[in-house]
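Since the model is a prediction, treat every value here as computed from it, not as a measurement. What you see below is based on every heavy atom in this structure, not just the backbone, and it leaves out hydrogens, waters and symmetry mates.
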Amino acid sequence: MTAPLTAAAIAVVAGAANAVDPAMPVVLDTSPRVALLPEPGAGFVTSQWLFDAGSTTDPAAEQGAAHLVEHLSFGPLDADGAADFDARLGALGGVSDGWTDRERAGLGAVVPSGAHAAEALLGLELQRAATLVITEDGVARQRAVIAEELAEAADAAHGPDRTWLSRLLWAGGEPWSRHPQSPPNETTTAATAAARWRALVQAGVLVLAGEFDAEPVAARLRARLPARPPPAPAPAPTLGEPGCEPAAPATRWARGNGRRGSVYVAWPVPGRDHRDRVALEALARWVGGARIAVGAGCGEWVAERAGAWHELPHHRASLLRAIGQVAARGLDPGSVARVRDDARADLARALASLPVRARVVGACLLGGRTPDCIDGERAAWDALTGEDVGRAAARWLPVEATTTLAVLPPATRFAPWIPGIRAWSPG
Amino acid sequence: MTPLAVLLLPTLAEGPMARAELSFARSARGDDDMALLVEAAGGRLSGAFGGGGLRVEAGCGDLRCRIVLDGLAARVRAALPALVEVPDRAAPRLSCAQRRAARAAWRGAWRRPDVILAAATRRVALGEAAPRAAPPRFAPRGLAARWHAAWARDPRLVVAGDVPADDPTLAALTVAADVGIDPADAGARAGDGGREIAARPAVPGDGGLSVLLVDWPGAARADVALLWSTGPAEALRDRGLAGDFESRLVQSLRETTALTYDVSFNASGSWASASWNVSSERAWESLTLALAETWELGRGANPDVRAAAWRRARLDHAILLDTLPGRIAAATLPPAPPPPTAPWAVPTVIGAVVVGDADTIAPSLAGFPVERIDRCLLLYGDECPPGG
């Protein structure tokens with residue numbers, strides 16, 4: 001069902017003069033930018049919006065605005081109170097979803113394939129882009145829904161831990177410490193939310209994928225949407241610059257609401273364009289129970305271990321010891337091959353899902369790259385060596401720069417036996 | 001060799017990937033410790049073959065227990081012989097750490113809202129109390145016998161992806177048992193062994209609807225669940241009530257009133273449930289709203305609404321076919337429901353569950369017959385340990 005996404009299979013068509021090959025995904029430089037990924041036999045058509053908007057890009061006075069706008073984007077499409085986007089999509093037999101992370105947001109919709117499914121879905125999406133109605137009542141209601149969403153998450157064991165860790169890791173609490181689904185501020189009004197929606201759509205990318213014929217859809221889009229030159233991507237702050245400024249290393253423990261304790265060992269690391277990013281991801285895979293989250297300019301490398309309070313120091317020490325050894329000697333070739341195969345398999349799993357693949361293509365375009373940027377990812381993994389991993393570990397994950405957070409059950413009285421650890425009340 | 005029903009799904013274009021699922025059917029209930037053994041068997045396989053592009057998943061769902069190889073096709077094929085030997089090998093031995101973890105999970109269940117809600121809904125739907133005062137003991141001899149008995153219950157191997165039919169392991173299995181699976185028959189088993197449940201009329205205030213109020217002292221939020229009787233023929237109606245974003249409960253409880261963020265839907269053979277998380281003060285309001293939506297379902301669903309629900313159900317099937325796990329699931333699920341022709345019948349509500357601070361919630365539930373029970377009495381038949 002799925003076709004491999006290779007550079008040769010993707011054409012970037014910049015004008016109406018180019019012929020459209022139905023076997024090739026097509027990117028139209030319209031406003032908004034649209035990418036078409038036809039896939040015969042898919043059984044459905046999906047649309048995926050990607051926006052350069054997340055918790056870190058919200059203005060300081062309007063934290064949570066990106067998440068709020070994501071919620072509002074399923075609202076009514078004209079002022080007479082007729083059916084909203086979701087109701088119209090549901091009538092087509094479709095379903096939708098939305099997400100907001102630290103620097104991006106996205107909206108997805110899927111409808112069953114049919115004679116005019118792609119045109120109907122595209123029409124609905126363009127209508128949403130042009131005529132979405134945001135009212136004060138809608139803003140109030142979605143604020144309440146988001147409050148419920150956050151209350152539900154906070155109720156879960158270890159819900160706030162990651163937010164606490166980010167607050168320790170980043171200077172001044174800004175902007176990386178903002179929870180991706182920040183509580184919506186009280187400043188955003190219907191008018192400001194609507195203005196934000198219009199700006200998002202203009203700078204966003206819409207990917208249409210699935211069972212349809214690209215040529216007529218592309219022709220209709222070119223006729224309907226204005227052409228525009230590709231926008232110059234805004235330079236992202238790099239690690240150490242304002243907006244991406246790590247705090248001093250800290251070692252703290254706090255009481256959480258989990259049944260067991262957890263220890264987080266973390267470092268600020270450079271963003272996704274940095275040449276060490278794949279090496280750092282390889283190290284996270286090798287260590288196990290670790291993750292790397294990167295944005296345009298900076299990110300976090302975090303390892304997590306669970307256990308009783310007296311076990312956490314051992315977990316931390318063994319993690320630091322393992323990373324220190326890699327920093328000193330590099331990673332052996334067998335381990336590099338294993339993590340490389342794991343990464344390949346994960347990539348193949350993700351790209352096997354058409355909606356996810358559409359999202360990946362959108363993310364490539366949004367980042368100012370060509371839609372085949374996933375090929376660059378594969379090439380980076382192929383070129384990775386054990387020395388690369390060792391060099392990255394020594395450069396970015398030195399023991400003295402570690403930030404440690406131990407989160408213990410509510411009734412805990414003892415701090416874990418970690419040198420220099422201090423109690424902390426994140427509030 | 002244990003005869004396995006083998007289903008080899010045709011290769012599409014998965015590229016380098018493959019997935020193999022070995023599974024058996026769960027007994028009606030009471031085989032929770034089998035899940036531990038399945039996880040241990042999966043761990044054994046993972047230790048021998050995992051990593052480097054192969055993931056081993058193991059566990060039990062409502063209907064079946066599975067051990068899954070998922071990853072690069074070459075690695076899946078290399079591990080396939082070991083996978084098909086699992087039913088014939090001795091039962092995996094649980095390590096001390098696994099036993100400790102299982103006992104800790106049993107002891108800590110009273111702090112887990114999902115476990116409490118599941119126990120409460122089963123109690124309401126099936127009259128299942130079964131508190132266990134003592135933690136699980138894992139007698140090795142009994143477990144080993146039950147392990148082999150479990151693998152005798154409809155064992156299956158389903159393979160999808162880049163594995164050819166003449167793969168030596170598969171060829172040997174086909175000789176052993178060329179039985180195949182009839183997908184139309186595969187999903188017909190009800191989650192509770194087809195046991196019928198007693199459906200009761202539900203009218204608030206006249207003693208018809210009973211609410212099980214599970215007390216969690218001091219909880220700021222509450223989990224609420226509504227249960228109704230159902231069957232395979234009612235799948236579309238259940239979708240219209242709670243099965244997707246356009247359903248009445250999601251629209252009413254989230255989009256119109258903002259009482260909750262999400263409504264979870266779970267169908268389990270002869271009964272179904274919808275559950276949601278709200279602040280304790282609004283638990284009663286959300287429950288009465290949900291009941292109203294349930295009663296309105298039959299009257300409010302016009303042909304267009306029913307047809308849209310049917311199209312969304314078909315879309316679910318198309319999306320499933322997009323991935324290897326989905327294709328395997330789709331091959332063993334019941335066929336998609338036919339287009340709806342008649343209006344939906346109003347669901348027969350079995351009861352409701354509210355898990356939260358009883359002192360806050362109970363006064364607002366005065367209109368309903370309420371059975372109040374402490375969370376630890378529900379789970380253990382005993383009082384909660386101190387320090388909660």
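- Figure legend: cation-pi geometry between B:Arg237 and B:Trp344 absent, as NZ or CZ is not positioned both under 6.0 Å from the six-membered ring centre and within 45° of its axis.
- There is no contact between A:Asp97 and chain B, counting heavy-atom distances below 4.5 Å.
- Ranked by heavy-atom pairs under 4.5 Å with chain B, the list A:Gly90, A:Ala87, A:Ala144 is led by A:Gly90.
- Every residue two or more places apart in sequence or in another chain that forms a salt bridge (Lys or Arg N to Asp or Glu O under 4.0 Å) with A:Arg141 is listed here: A:Asp137.
- Proximity to chain A is absent for every atom of B:Ala307, based on heavy atoms less than 4.5 angstrom apart.
- If you measure heavy-atom distances from A:Val339 to chain B, you find no contacts under 4.5 Å at all.
- Residues satisfying the side chain to side chain contact (heavy atoms under 4.5 Å, CB included) criterion with A:Val145, sequence neighbours excluded, are A:His71, A:Gln142, B:Arg254, B:Ala258, B:Tyr261.
- Of the two parts of A:Leu89, neither the backbone nor the side chain holds a non-hydrogen atom closer than 4.5 Å to a non-hydrogen atom of chain B.
- A cation-pi contact links A:Arg128 to A:Phe74, judged by a cut-off of 6.0 Å to the six-membered ring centre and 45° from its axis.
- No side-chain donor-acceptor contact under 3.5 Å links A:Ser73 and A:Glu70.
- Annotation: maximal heavy-atom pairing with chain A below 4.5 Å, among B:Leu54, B:Asp244, B:Ile319, occurs at B:Ile319.
- Under a 3.5 Å cut-off, the side chain of B:Ser280 and the backbone N or O of B:Gly356 do not form any donor-acceptor pair.
- Under the salt bridge (Lys or Arg N to Asp or Glu O under 4.0 Å) criterion, A:Asp341 pairs with A:Arg344, not counting sequence neighbours.
- Note that CZ of A:Arg338 and CZ of A:Arg340 are 13.5 Å apart. Values are rounded to the nearest 0.5 Å.
- In summary, the side chains of B:Trp276 and B:Ser286 do present a donor paired with an acceptor at a separation below 3.5 Å, with no hydrogens or angles considered.
- Considering only heavy-atom pairs separated by less than 4.5 Å from chain A, the leading option among B:Asp262, B:Asp304, B:Leu259, B:Val278 is B:Leu259.
- Near-neighbour residues of residues 68-76 of chain B relative to chain A, defined by a heavy atom under 4.5 Å from a heavy atom of that chain, comprise B:Asp70, B:Gly71, B:Leu72.
- With a 4.5 angstrom heavy-atom cutoff, B:Arg19 does not touch chain A via any of its atoms.
- At a cut-off of 3.5 Å, with distance as the only test, a side-chain donor of A:Asp86 or A:Ser96 sits close to an acceptor on the other residue.
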